[in-house]
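Notes follow once the structure below has been shown.
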2 protein chains.
Amino acid sequence: MSENGSLRRGRPGYDQQGILEVAVAAFNQFGYDATSMGVLADRLGLSKSAIYHHFASKDEILERALDEALSGLEGVLDEADAARGRAADRLDHVLRGAVHVLVDKLPYVTLLLRVRGNTEVERSALERRRAFDRRVMALVTEARDEGSLRSDIDPRIVERLLFGMINSIVEWYRPGGKEDADRLADDVIAVALDGLRMPTSNRIEELLG
Amino acid sequence: MSENGSLRRGRPGYDQQGILEVAVAAFNQFGYDATSMGVLADRLGLSKSAIYHHFASKDEILERALDEALSGLEGVLDEADAARGRAADRLDHVLRGAVHVLVDKLPYVTLLLRVRGNTEVERSALERRRAFDRRVMALVTEARDEGSLRSDIDPRIVERLLFGMINSIVEWYRPGGKEDADRLADDVIAVALDGLRMPTSNRIEELLG
DNA sequence: ATACTAACTGAACGATCGGTTAGTAATGTC
DNA sequence: GACATTACTAACCGATCGTTCAGTTAGTAT
């Protein structure tokens, strides 16, 4: 439960991170609202009140979890914004990076994608998500203007379809399969950029014509 | 509240459909579990107990709503299975049909896509969804085998990415905008089949080589 | 030993949950 | 008017919700 080698002081047991992992797994299985502190305590093998030693409220557990996901996604965008080069290349980096964050922090991102905005914590997370989307939209627009992306579809719709596809990964991807994160990112980028259609001579003529 | 012109007998008021529409809207706003029968009654302008005149339980309201979405989606697949012709054309019909069902029954499909499987009703709906996905996967496999779709990506992943993209429409599409269902379906199919990349001479050479 | 720190328990709180019961109100039909 | 039909209300139920509190346990540090 502790990541550093030196022994922790005080009575051994869960720390915040340990509680968080179990809680997020439960939230994802039942939904946040449908997960009671009682069943959460059962899963931890603790009493309900023990949880309140580590977190001030159920809401605060959610807040920590959502920040874990959001900071990961925002980090990918920060890297892209710091880099120079074609917008298409920076967008490529963001898409692949987003897939990796999804896979590495799967439970946290899964939870984030199901937030409805019932509380202040949830609304704040939704706003950070919207800000993320806006930054990606700007990148898509840039890539279109430099001639890298097709210009016949609204960049906002392009961005939403792109992340609709990427985010849906949390619905079915499970780690440990033959499909690792790199291969998955390759597939997603291949479908997104080049489409599903099998190239044919007809298509080549169409492109030439 | 009534769709037929002739007057209903008995005291006027809500019928099942009227209750259902308001309930589904509330479920989508707050989430099913976070929507209490109390706030639902407030939205309807009724007492809690009045709702139980129309539905036996909260669960039954959900059941009706999920069936509305599922029967719509299954209908599209039934049409495609009844038709003859290339698998690619039947798949095209399914994808466009799914977009239209999503738009026409937006609140119901939105609700369906958020079901977690906590109750028997939810688990049954999830199983119908999985059966739908399996039928679409078979169609994707057929289209690949006839040479219409690229063969370098697992058909199961293709299907999931496709419907990840399509299903994500419920997260942002709102009726009444400039983007109607037909245009939206065109955009989705365009991105899915031909990708986002701007065709270049390099790409043509690559296809020819 | 003593002090300190962190982890935890059991019992209880007020609030809210989904649901029940018994009775009432408003319409069309005859 | 009587009657059937449909829609609804007020009051209440036991269960469960998130949370609090006073006290206990198990370890490290000096």
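Letters A, B, ... mirror the listed sequences (proteins, then strands); counts begin at 1. Below, all heavy atoms of this structure are taken into account, side chains as well, without hydrogens, waters or symmetry copies.
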Tabulate atom names and distances for all N/O pairs under 3.5 angstrom spanning the protein and nucleotides 14-17 of chain D.
{"from": "D/dC17", "atom 1": "OP1", "to": "A/S36", "atom 2": "OG", "distance (Å)": "3.4"}

Rounded distance in Å - CG (B/D42) to P (C/dC17): 10 Å

Separation of atom CG in B/L40 from atom P in C/dT16, rounded to whole Å: 17 Å

Positions of residues 20-31 of chain B (non-hydrogen atom under 4.0 Å from DNA chain D), listed by number: none

A/G72 to A/V101 - nearest heavy-atom pair and separation: O-CG2, 3.7 Å

Salt-bridge criterion met for B/D81 and B/R135 (N-O under 4.0 Å): yes

Separation of atom CD1 in B/I51 from atom P in D/dA10, rounded to whole Å: 14 Å

Residues that B/F132 engages under ring-ring contact (aromatic ring centres under 6.0 Å, His included), provided they are two or more places apart: B/F163

Set of salt bridge (charged side-chain N to carboxylate O under 4.0 Å, His left out) partners for B/K105, sequence neighbours left out: B/E68

Qualifying salt bridge (Lys or Arg N to Asp or Glu O under 4.0 Å) pairs, either residue in residues 109-124 of chain B, two or more places apart: B/R114-B/E171, B/E120-B/R123

A/D186 vs A/R96, side chain to side chain contact (heavy atoms under 4.5 Å, CB included): CA-CA, chis, key distance, verdict: CA-CA 8 Å; A/D186 285 343; A/R96 286 178 197 277; 2.6 Å; yes

Pairing of A/E127 and A/R130 as salt bridge, 4.0 angstrom limit: yes

Backbone N/O of B/A87 and side chain of B/E146: donor-acceptor pair under 3.5 Å: yes

For B/G195 against A/R150, the heavy-atom pair lying closest together: O-NH1, 2.9 Å

Beyond-backbone contact of B/V109 with B/L113, side-chain heavy atoms, under 4.5 angstrom: yes

Nearest-angstrom distance from the residue atom OH of B/Y52 to C1' of D/dC8: 15 Å

Which pairs, protein N/O on one side and nucleotides 5-8 of chain C N/O on the other, fall under 3.5 Å?
{"from": "C/dA7", "atom 1": "OP1", "to": "A/Y14", "atom 2": "O", "distance (Å)": "3.0"}
{"from": "C/dA7", "atom 1": "OP2", "to": "A/H53", "atom 2": "NE2", "distance (Å)": "2.8"}
{"from": "C/dA7", "atom 1": "N3", "to": "A/R11", "atom 2": "NH1", "distance (Å)": "3.4"}
{"from": "C/dC8", "atom 1": "OP1", "to": "A/Y14", "atom 2": "N", "distance (Å)": "3.4"}
{"from": "C/dC8", "atom 1": "OP2", "to": "A/H54", "atom 2": "NE2", "distance (Å)": "3.0"}

